[in-house]
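First comes the structure, then the notes that go with it.
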Amino acid sequence: MKQRILSGIRATGRLHFGNFLGAVRNFVKYQTPGNVCLYFVADLHTLTTLESPDELRNNLVEMVKDYIAAGLDPERSIIYAQSSVPEIPELSLYLSMMQPLGDLQRIPTFKEMVKKHPNNVNLGLVTYPVLMAADILGPRATLVPVGEDQVPNVELARHLAGRFNNKFGETFVIPEMMEQMIRVPGLDGNKMGKSEADNAVDINASSDQIRDRYRRGVTDTLKVRMNDPGEPERCQSVFPVHRLVTGEDERSEIEVGCRAGTLSCVACKDKLARNIAELLLPFQEKRADLASKDDYIRDVLNDGGKRARVVIKETVGLVRERMGIVIY
Ligand code: TRP
């Protein structure tokens with residue numbers, strides 16, 4: 001079936017290896033002839049936790065370079081900044097009229113923010129999922145690949161679309177959620193994150209840097225000495241990533257060696273670092289080439305914004321009509 005795939009990422013920093021492996025590699029795969037792919041940087045969502053306007057401006061451009069270097073192709077995908085489409089926040093306002101406040105207060109990511117910053121609960125944090133619903137419903141996405149933390153937000157968008165359609169007649173496409181993004185553990189065994197713990201691997205790291213970084217990776221805590229037998233299933237940050245990047249033959253050797261106690265964690269980590277470095281090399285070459293091409297990125301975003309806007313405008317026009325809003 002022809003799909004319309006949409007996903008976004010906040011402009012809080014550069015991509016790390018977890019995003020690359022778990023999310024963006026997936027986005028790349030959807031770029032096949034029958035599909036329409038929309039990938040955007042959610043710069044408006046970033047404002048809910050804005051620290052520095054300069055950083056936001058800069059992160060946006062750098063992240064698009066990362067996206068493109070990782071294989072997103074402006075010829076095959078619509079790549080844009082959320083703020084290039086003013087109809088998105090407009091749609092968010094319309095949708096907010098159909099959204100009970102209580103559900104928003106029960107969203108896990110919201111509750112977390114309240115716990116973390118009890119004195120900075122701005123309204124944007126509360127309406128975050130409604131803006132996200134506008135991102136998704138505006139372009140009439142049929143498939144939304146997201147990480148597990150975003151599942152309640154996409155569920156909310158689906159409910160919101162259903163509620164609107166019930167009241168005003170078929171207007172929105174109700175998207176399928178695709179929770180098949182891969183969870184990549186960071187060096188401490190928790191999900192690799194860019195803003196939280198210092199557990200991420202930089203996708204621009206050299207092979208030596210990747211090796212040094214992985215030396216700190218948490219493995220099987222019961223394998224204490226080099227020649228103790230270990231259990232790959234208990235390994236927290238190294239073997240799970242071997243599963244994602246290492247070929248089957250080498251991986252079975254690793255399993256056997258670990259269990260027999262003939263393979264040390266250091267050697268196993270070095271193998272992983274080597275494989276990661278190899279996987280990242282084509283990305284890094286392309287990324288280096290894009291480093292100075294800010295004008296090109298601006299063109300990509302300008303063009304992507306225009307193309308996204310065409311689709312979204314159509315939906316928003318219909319929504320206005322359904323709700324009785326006439327622009328004079
Ligand atoms: N909230 C998402 C995140 O933090 C980013 C996002 C914004 C998004 N709008 C979206 C993801 C629409 C998917 C679809 O990762």
Side-chain angles (χ1 to χ4, degrees), residues 2-15 19-20 23-47 53-92 131-146 173 175 203 282-320 327:
K2 206 176 143 170
Q3 297 277 15
R4 191 170 283 201
I5 294 110
L6 173 137
S7 198
I9 190 161
R10 292 194 336 140
T12 47
R14 298 285 312 273
L15 289 188
N19 306 127
F20 177 85
V24 185
R25 265 212 319 187
N26 240 326
F27 297 171
V28 172
K29 274 196 251 154
Y30 289 119
Q31 302 180 120
T32 55
N35 290 340
V36 176
C37 295
L38 297 109
Y39 298 122
F40 68 97
V41 181
D43 53 347
L44 298 176
H45 276 114
T46 311
L47 296 177
D54 277 337
E55 257 174 45
L56 171 56
R57 258 189 291 271
N58 188 48
N59 283 341
L60 170 56
V61 173
E62 296 305 307
M63 282 179 75
V64 175
K65 290 178 188 167
D66 288 342
Y67 262 179
I68 295 175
L72 295 194
D73 176 358
E75 304 285 323
R76 292 189 291 160
S77 289
I78 305 181
I79 299 173
Y80 59 106
Q82 190 183 29
S83 59
S84 298
V85 187
E87 287 78 10
I88 295 174
E90 182 187 348
L91 179 57
S92 171
L131 180 57
M132 207 168 137
D135 292 330
I136 296 168
L137 303 176
R140 320 176 80 73
T142 59
L143 196 65
V144 184
V146 288
V173 174
I203 36 178
F283 164 85
Q284 293 181 345
E285 284 173 359
K286 192 148 184 221
R287 185 64 181 74
D289 182 51
L290 287 168
S292 60
K293 300 204 167 140
D294 285 20
D295 288 346
Y296 167 68
I297 300 299
R298 261 191 291 275
D299 288 346
V300 166
L301 289 175
N302 186 275
D303 179 60
K306 277 188 193 140
R307 286 161 67 200
R309 208 168 169 196
V310 172
V311 199
I312 295 165
K313 260 186 163 162
E314 203 179 304
T315 312
V316 176
L318 190 60
V319 171
R320 284 193 203 120
I327 309 261

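Within the 3.5 Å criterion, the main-chain N or O of Gly138 finds no donor-acceptor partner in the side chain of Glu87. A distance-only check finds a donor-acceptor pair linking the side chain of Arg10 to the backbone of His45 [under 3.5 Å]. Listed for the Asp73 side chain is a donor-acceptor partner under 3.5 Å among the backbone atoms of Glu75. No donor-acceptor distance shorter than 3.5 angstrom exists from the side chain of Ser77 to the backbone of Leu72, with no hydrogens or angles considered.
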From CA spacing to verdict: side-chain contact (heavy atoms from CB on, under 4.5 Å), Asp66, Phe20: CA-CA 9 Å; Asp66 288 342; Phe20 177 85; over 6 Å; no
side-chain contact (heavy atoms from CB on, under 4.5 Å) evaluation trace for Leu56 with Leu47: CA-CA 9 Å; Leu56 171 56; Leu47 296 177; 3.7 Å; yes
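Residues Ala70 and Val24 come closest through the heavy atom pair CB-CG1, 3.6 Å. Listed here is the closest heavy atom pair of Ala69 and Leu290: N-CD1, 3.9 Å. Residues Ala81 and Leu301 share a closest heavy-atom pair of N-CD2, 3.8 Å. In this structure, Asn59 and Gly13 approach most closely via the heavy-atom pair ND2-N, 3.7 Å. The shortest non-hydrogen separation linking Leu6 to Ile136 is CD2-CG1, 3.8 Å. Nearest approach of Gln82 to Asp135, heavy atoms of both residues: NE2-OD1, 2.9 Å.
Going from atom NZ of Lys2 over to atom OG1 of Thr142 covers 10.0 Å, rounded to the nearest 0.5 Å. Atom CD1 of Ile297 is separated from atom CE of Met63 by 12.5 Å, given to the nearest 0.5 angstrom. Here OH of Tyr39 is found 10.0 Å from CZ of Arg76. Values are rounded to the nearest 0.5 Å. Rounding to the nearest 0.5 Å gives a distance of 4.5 Å between CG of Leu38 and CD1 of Ile78. Summarising the geometry, atom CG belonging to Leu91 is positioned 14.5 Å from atom NZ belonging to Lys313; distances are rounded to the nearest 0.5 Å. The line from CG of Leu143 to CZ of Arg4 is 12.5 Å long, rounded to the nearest 0.5 Å.
Applying the side-chain hydrogen bond (donor to acceptor under 3.5 Å, both in side chains) criterion to Lys286, with sequence neighbours excluded, gives no partner residue. When the side-chain hydrogen bond (donor to acceptor under 3.5 Å, both in side chains) test is applied to Ser83, the partners found at least two apart in sequence or on another chain are Asp43. With sequence neighbours excluded, the residues satisfying side-chain hydrogen bond (donor to acceptor under 3.5 Å, both in side chains) with Asn302 are Lys306.
Taking the side chain as every heavy atom from C-beta outward, Pro139 and Tyr80 approach each other to under 4.5 Å. Residues Ile9 and Leu15 are in side-chain contact: their nearest non-hydrogen atoms beyond the backbone lie under 4.5 Å apart. In this structure, Lys65 and Asp294 have side chains that are in contact, with non-hydrogen atoms separated by less than 4.5 Å. Side-chain atoms of Pro86 and Arg309, non-hydrogen and from C-beta on, do get closer than 4.5 Å to each other. Put simply, the side chain of Pro145 does not reach to within 4.5 Å of the side chain of Asn26, judged on heavy atoms. In this structure, Pro74 and Asp303 have side chains that are not in contact, with every pair of non-hydrogen atoms separated by 4.5 Å or more. Pro175 has its side chain within reach of Leu137: a pair of non-hydrogen atoms, C-beta onward, lies under 4.5 Å apart. In this structure, Val85 and Phe40 have side chains that are not in contact, with every pair of non-hydrogen atoms separated by 4.5 Å or more.
Ion pairing of Glu62 with Arg287 is present here, as a side-chain N (NZ or NE/NH1/NH2) and a carboxylate O approach within less than 4.0 Å.
Aromatic ring pairs are classed by plane angle as parallel below 30°, tilted from 30° to 60° and perpendicular above 60°; the pair Tyr67 and Phe27 is perpendicular.
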